[in-house]
Participant: 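Here you go, one structure.
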Amino acid sequence: MTSPRTENSDGRSPKSTTITARSALRAAATQLTELIGREPHSVSSLQPSGGGWTAHVEVTEIERIPDTASVMATYRVDLDEAGELLGYEQTHRYSKGQTDRR
């Protein structure tokens, strides 16, 4: 006899693995790099979110000389509980030399 199949509200089978914060940080940076083709500068925040994780990743969008004139962008990256990318969005652009980005 087989056990009944359970699904999440979105129709997906639940994952049994919940990744650590360290693994989520790496997964967010790696998967964003694969999608946008730019290396992350840093991960400025990481928070648990609905069983998964939300990270804010800082990326150099346009490199300029001097370096402080480079254009940076913040991306929000949403991961599921296994560390797989659910979505991403550019949320902010700013000059690297800015001390107050908002």
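Worth knowing before you read on, the calculation uses all heavy atoms, side chains too, and leaves out hydrogens, waters and symmetry mates.
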Participant: We want to know whether T18 and E81 form a side-chain donor-acceptor pair, criterion being a heavy-atom distance below 3.5 angstrom.
Facilitator: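 Their side chains do not contain a donor-acceptor pair, so the 3.5 Å distance test is not met.
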Participant: Can you see which heavy atom on P40 is nearest to which on V57, and at what distance?
Facilitator: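 The pair with the smallest heavy-atom distance is CB-CG1, 3.5 Å.
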Participant: Under the side-chain hydrogen bond (donor to acceptor under 3.5 Å, both in side chains) rule, collect the residues that match up with T20, sequence neighbours excluded.
Facilitator: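 With sequence neighbours excluded, T20 shows a side-chain hydrogen bond (donor to acceptor under 3.5 Å, both in side chains) to S23, given in chain and number order.
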Participant: Not counting sequence neighbours, list each pair that qualifies as a salt bridge (Lys or Arg N to Asp or Glu O under 4.0 Å) and has a residue in residues 65-75.
Facilitator: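 Residue pairs with at least one partner in residues 65-75: D67-K96.
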Participant: Just to verify, what does E63 make a side-chain contact (heavy atoms from CB on, under 4.5 Å) with, not counting sequence neighbours?
Facilitator: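 Counting only residues at least two positions away or on another chain, E63 forms a side-chain contact (heavy atoms from CB on, under 4.5 Å) with T60, S70.
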Participant: When you check the side-chain N and O atoms of Q47 and T54, is any donor under 3.5 Å from an acceptor?
Facilitator: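 Per modelled atom types, Q47 and T54 side chains form no pair under 3.5 Å.
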Participant: Any side-chain heavy atom of H56 sitting closer than 4.5 Å to one from V43?
Facilitator: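 Result no, sub-4.5 Å side-chain heavy-atom pair not found.
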Participant: Is any side-chain heavy atom of M72 less than 4.5 Å from a side-chain heavy atom of H41?
Facilitator: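 When only atoms from C-beta onward are counted, H41 and M72 do touch, with a gap below 4.5 Å.
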Participant: Output all residues satisfying side-chain contact (heavy atoms from CB on, under 4.5 Å) with T68, sequence neighbours left out; order by chain, then residue number.
Facilitator: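 Once residues adjacent in sequence are excluded, the partners of T68 under the side-chain contact (heavy atoms from CB on, under 4.5 Å) criterion are P66.
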Participant: Name each donor-acceptor pair under 3.5 Å that joins a side chain in residues 30-39 to protein atoms two or more places apart or in another chain, with its distance.
Facilitator:
{"unit_1": "T30", "atom_1": "OG1", "unit_2": "R26", "atom_2": "O", "d": "2.9"}
{"unit_1": "Q31", "atom_1": "OE1", "unit_2": "L85", "atom_2": "N", "d": "3.0"}
{"unit_1": "Q31", "atom_1": "NE2", "unit_2": "A27", "atom_2": "O", "d": "3.3"}
{"unit_1": "Q31", "atom_1": "NE2", "unit_2": "G83", "atom_2": "O", "d": "2.7"}
{"unit_1": "T33", "atom_1": "OG1", "unit_2": "A29", "atom_2": "O", "d": "2.8"}
{"unit_1": "T33", "atom_1": "OG1", "unit_2": "R38", "atom_2": "O", "d": "3.4"}

Participant: Rounded to the nearest 0.5 Å, what's the gap from CG on L86 to CG on D80? Could you check?
Facilitator: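 Here the rounded value is 5.0 Å.
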Participant: I65: which other cluster members, linking ILVMFWY side chains closer than 4.5 Å, directly or transitively?
Facilitator: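 None, because no other hydrophobic side chain comes under 4.5 Å of this residue.
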Participant: For the residue pair W53 and D78, establish whether any side-chain heavy-atom pair is separated by less than 4.5 Å.
Facilitator: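 Sidechains of D78 and W53: no contact.
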Participant: Any idea which heavy atoms bring L79 and A28 closest together, and the distance?
Facilitator: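 Minimum heavy-atom contact is CD1-N, 3.9 Å.
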Participant: Could you give all pairs that pass the salt bridge (Lys or Arg N to Asp or Glu O under 4.0 Å) test and reach residues 44-56, with sequence neighbours left out?
Facilitator: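 Of all non-adjacent pairs touching residues 44-56, none passes salt bridge (Lys or Arg N to Asp or Glu O under 4.0 Å).
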Participant: For T74 and H92, test the side chains for any donor-to-acceptor distance below 3.5 angstrom and give the result as yes or no.
Facilitator: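 No.
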Participant: Among all residues two or more places apart in sequence or in another chain, which pass the side-chain hydrogen bond (donor to acceptor under 3.5 Å, both in side chains) test with Y75?
Facilitator: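 For Y75, the residues satisfying side-chain hydrogen bond (donor to acceptor under 3.5 Å, both in side chains) (neighbours in sequence not counted) are E61, Q90.
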